[in-house]
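Contents: one structure, followed by commentary.
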Amino acid sequence: NAGVTQTPKFQVLKTGQSMTLQCAQDMNHNSMYWYRQDPGMGLRLIYYSASEGTTDKGEVPNGYNVSRLNKREFSLRLESAAPSQTSVYFCATSSGANVLTFGAGSRLTVL
Amino acid sequence: AQSVTQPDIHITVSEGASLELRCNYSYGATPYLFWYVQSPGQGLQLLLKYFSGDTLVQGIKGFEAEFKRSQSSFNLRKPSVHWSDAAEYFCAVAFNQAGTALIFGKGTTLSVSS
């Protein structure tokens, strides 16, 4: 039972490159989220999707786009990576009761 | 504005001693309240949650938390800390019910000394 799977686990990019972080869940949850974690900042919400077909901005959406491909998958895209986007990214899901289940994280470094 | 505050960035506790981690929120009504724990290099794991009812809630790993409406607080406690409790702890709130994301505090790092 995988739960929430994020790929890749590690990635190094050069400034200006693009990439997509993938998130897939097998929990049949409606809601999915992307957070970033930076030292001393806790977790900050980038985007979320309350249900298939909907997405909404969170606290720090600039420089990111998302796609809720289907109920299982929620991807996060960096179109032109910047050093300020160096972070650990977490995907999470919930069934609507606000209890989040997190993936293991994706560590991104932008040089 | 809605916010979550964890006043302590880093706490060191001796093994076997009691622990209390503080969390305060700013909101006009009672939010849904959570504590998560993150071990180094890992994702976040739910310790406990409060939605309504009894203001003292029990969680996993021997943790408990008490909701105090008058103080807008949801402090996490453990009577006897083990070395394996060393981790980062996050308080989180949801300010309304369905489909909304959690807002996290900045976290408290717990070190356990022998």
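Values in this document were obtained by computation on a predicted structure and should not be read as measured data. Here is how names work: the chains are called A, B, and so on, in the same order as the sequence lines, proteins then strands, and each is numbered from 1.
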Below 4.5 Å, heavy atoms only, C-beta onward: do B/Gln42 and A/Phe102 meet side chain to side chain?
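A side-chain contact under 4.5 Å is absent here.
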Taking the side chain as every heavy atom from C-beta outward, state whether A/Leu100 and B/Leu102 have any pair of such atoms under 4.5 Å apart.
yes
Under 4.5 Å from any heavy atom of chain A - which part of B/Gln45
neither
Measuring heavy-atom distances to chain A, does B/Leu46 have an atom under 4.5 Å in its side chain, in its backbone, in both, or in neither?
side chain
Shared hydrophobic cluster, [X] / [Y] (ILVMFWY, side-chain heavy atoms < 4.5 Å):
{"X": "B/Leu76", "Y": "B/Val4", "value": "yes"}
{"X": "B/Leu44", "Y": "A/Tyr47", "value": "no"}
{"X": "A/Leu78", "Y": "A/Val88", "value": "no"}
{"X": "B/Ile103", "Y": "B/Trp35", "value": "yes"}
{"X": "A/Phe90", "Y": "A/Leu76", "value": "no"}

Nearest non-hydrogen partners of B/Tyr36 and A/Val99, listed with the distance:
OH-C, 4.0 Å
If you count heavy-atom pairs under 4.5 Å with chain B, which of A/Ala104, A/Gly42, A/Ala92 comes out on top?
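It is A/Gly42.
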Is it the case that more than 12 heavy atoms not belonging to A/Arg107 sit under 6.0 Å from its CZ atom?
no
B/Ile60, CD1 atom: more than 12 neighbouring heavy atoms under 6.0 Å:
yes
Who in residues 81-93 of chain B is close to chain A, using a strict under-4.5 Å heavy-atom cut-off?
B/Glu88, B/Phe90
Tell me the residues of residues 104-114 of chain B whose non-hydrogen atoms fall below 4.5 Å from those of chain A, in number order.
B/Phe104, B/Gly105, B/Lys106
Please state whether the side chain, the backbone, both or neither of A/Leu43 comes within less than 4.5 Å of a heavy atom of chain B.
both
Atom group of A/Gln37 that falls short of 4.5 Å from chain B, counting heavy atoms
side chain
